[in-house]
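To start, the structure itself, in C-alpha cells.
Given the structure is predicted, the values throughout are model-derived calculations rather than measurements.
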Amino acid sequence: MIRSLAKRLPHPLLSRLYHHVNLREESARVSKAAAMAGLPLLQTLDLQSLRASDTLFVLGSAWSINDIPDARWKIIGKHDSIGLNFWPAHPFVPRFFHFENVAYDDHPVMYDAFHSLLTHRAAAYANTVKIVTNVEPLERRQMFFELPEDLKKNLYAGFSMPVVARNENELRAGIRYMRSIGAFSPRAKTAWFFKYGGSVVGTMTLAVLMGYKRIVLCGVDLNRQEYFYQHRELYPEYADWEFVSPKEIHLTTRRLPWLVPAQTAVHLFKELVLDPENIELFVENSVSTLYPRVELAPQSLFEELDRCVPSRPLQPGQ
C-alpha cells in the first residue's frame, strides 16, 4: 500500500500517514502478543532509572570484537553496555540486551541457531534487562512465542518505528519529523523507539531517551558479513554458523529502492539527533566504515572511563 501511495502523495504527507497507521498496528499487535506470551510491555519499564553511567557501549557482532583487548573489556564492564541480537555468543554479559524477533519461515537455520543460543545463555542473562522487538503477525511461528522460560525474567516487549525513505533527503526529512513529535526527547518510559535499517540506529535512539552523554559503537563495522563468533579457535561451537556469505557486503549498507545505506543513516542520526544534544559518538575500531566521519574513541577516553565510578549500581528490572 505504501509503495502505491508513494506515487501519489508528497513525501511529508506519506511520512505522517505511514507513521500513524504503523503506530496503531504495531501497538495493537505487540500488546496482544505480549499478553499471550506473558511478557510485560516496554512502556512499563523505567529506563532512565537503570542508567548507571554517562557512557553506553553498543556491542555489535562484527569480527572486530575479537580485537578488543582484555583491559578494555574490564573498562567496558564498569559502564553500561547493550548487546545486540547474536551477542550472547560472546562470554561478556552486558547490562542490557536488545534482540529482534525472528520468524521461522524466513530463515529456519538461523531460527534454530538463535533459539539454541538463547536457551544456552538464558541463565547467564537472568539479571540483564532485555528488550525484544519486531513481533510478526500472530499466526506466524516466531521466536517471541517460543522463548526459553529462563530468558523471560527481565524481558520486555516493545516495538520500533521506522520512516519511509528512498533517499538521503527523505530520510533527513523523516528524522526531522520524528524529532518534531518528540521521538528523541529523553524520558523514563516509552512504548516504542525510532529505528531505521539495522539495530544500531534503534539502540542509539534508546541511548538518547535514557539520557546518555556518550555512545561507543563496538563491533559495528558495516563492511563484510563476518562475525566474531565465526572465529574457530575462540568460538568452536558457533564457528560454523554462516547464515549469509561472509564475502558479501553487509545487507544494511547496500543501496536498495526503499533502504538508505546504514552508514548514511548513522551519519544523519548523528547530525540531526546527537550533535544538537552534545551527545558524543565514537567507534571503538577504525575498521568500521563509519570512520572517519565518526571519530575513533581515543585511548585517553578509555583511561578516563577507567577512573570513573558509575554513580549508582544497576538494578535490573526495578
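By the 4.5 Å heavy-atom criterion applied to side chains, F86 and Y238 are not counted as neighbours. Counting heavy atoms from C-beta on, the side chains of Q43 and T190 never come closer than 4.5 Å. Taking 4.5 Å as the limit, every side-chain heavy atom of F193 sits out of range of all side-chain heavy atoms of T203. With a 4.5 Å cut-off on side-chain heavy atoms, R29 and L138 count as touching. In this structure, L301 and F282 have side chains that are in contact, with non-hydrogen atoms separated by less than 4.5 Å. Two residues are said to be in side-chain contact when any heavy atoms from C-beta on lie closer than 4.5 Å; L155 and Y125 fail this criterion. For the pair M143 and L147, the minimum side-chain heavy-atom distance is below 4.5 Å. Counting heavy atoms from C-beta outward, F243 and V109 have side chains that approach closer than 4.5 Å.
Here the closest non-hydrogen pair linking A52 and R95 is CB-NH1, 3.6 Å. Considering every non-hydrogen atom in both P148 and A122, the closest pair reads CB-CB, 4.5 Å. The shortest non-hydrogen separation linking P162 to S160 is CD-O, 3.9 Å. Shortest non-hydrogen contact noted between D46 and A188 is OD1-CB, 3.2 Å. Minimum interatomic distance between Y196 and A165 (heavy atoms only, all atoms of both residues): OH-O, 3.2 Å. Contact between L56 and A207 at its shortest, heavy atoms only, is CD2-CB, 3.7 Å.
Close placement of the Y229 and W241 rings is indicated, their centers lying within 6.0 Å of each other. The ring of F99 has its center closer than 6.0 angstrom to the ring center of F97. Taking the six-membered ring for Trp and the full ring otherwise, W63 and Y227 have centroids separated by 6.0 Å or more. Here the two rings, on Y177 and Y18, have centers that are 6.0 Å apart or farther.
Going from atom CD1 of I131 over to atom NE2 of H98 covers 6.5 Å, rounded to the nearest 0.5 Å. The distance from atom CZ of R16 to atom NE2 of H11, rounded to the nearest 0.5 Å, is 9.5 Å. Taking CG from N154 and CZ from F96, the interatomic distance works out to 10.5 Å, rounded to the nearest 0.5 Å. Annotation: the span from I82 atom CD1 to C218 atom SG amounts to 12.5 Å, rounded to 0.5 Å. Residue L45 holds its CG atom at 5.0 Å from OH of Y156, rounded to the nearest 0.5 Å. To the nearest 0.5 angstrom, L171 atom CG is 11.0 Å from R176 atom CZ.
Classified by interplanar angle (parallel below 30°, tilted 30° to 60°, perpendicular above 60°), the ring pair H90/Y235 is tilted.
Using modelled atom types, no side-chain atom of S288 and backbone atom of N285 make a donor-acceptor pair closer than 3.5 Å. Formation of a donor-acceptor pair under 3.5 Å by the R187 side chain with backbone atoms of S185 is found in this model. Checking side-chain atoms of T205 against main-chain N and O of F194 turns up a donor-acceptor pair under 3.5 Å. A distance-only check finds a donor-acceptor pair linking the side chain of T128 to the backbone of P94 [under 3.5 Å].
Heavy atoms from other residues, nucleotides or ligands lying under 6.0 Å from CD of Q299 number more than 12.
Contact check on E295 versus K270 returns no salt bridge, with no Lys/Arg side-chain nitrogen under 4.0 Å from an Asp/Glu carboxylate oxygen. Here R172 pairs with E271 in a salt bridge; the nearest charged N to carboxylate O distance falls below 4.0 Å. A salt bridge does not link D221 with R224: every distance from a Lys NZ or Arg NE/NH1/NH2 to an Asp or Glu carboxylate oxygen is 4.0 Å or more. Look at E136 and R141 and you find no salt bridge, because none of the NZ, NE, NH1 or NH2 atoms lies under 4.0 Å from a carboxylate O. Ion pairing of D240 with R232 is present here, as a side-chain N (NZ or NE/NH1/NH2) and a carboxylate O approach within less than 4.0 Å.
There is no side-chain donor-acceptor pair under 3.5 Å between Y212 and D54. One side chain, S199 or E100, offers a donor N or O that lies under 3.5 Å from an acceptor on the other. Using modelled atom types, one finds no donor on one side chain facing an acceptor on the other under 3.5 Å when comparing T264 with E168.
V287 and L296 end up in different hydrophobic clusters when Ile, Leu, Val, Met, Phe, Trp and Tyr side chains are linked at under 4.5 Å.
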Test log, rule side chain to side chain contact (heavy atoms under 4.5 Å, CB included), inputs H19 and M178: CA-CA 9 Å; H19 174 74; M178 282 288 179; 3.6 Å; yes

Verdict with reasoning, R72 to E284, per salt bridge (Lys or Arg N to Asp or Glu O under 4.0 Å): CA-CA 10 Å; R72 282 201 173 179; E284 190 277 333; 2.8 Å; yes

Determine whether L59 and L84 satisfy the following criterion, side chain to side chain contact (heavy atoms under 4.5 Å, CB included), listing intermediate values before the conclusion. CA-CA 6 Å; L59 307 176; L84 304 179; over 6 Å; no

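When each of R214, K78, E280, E304 is tested with T55 by the rule side-chain hydrogen bond (donor to acceptor under 3.5 Å, both in side chains), just one qualifies, namely R214.
A cation-pi geometry, defined here as NZ or CZ lying under 6.0 Å from the six-membered ring centre and within 45° of its normal, does not hold between R140 and Y104.
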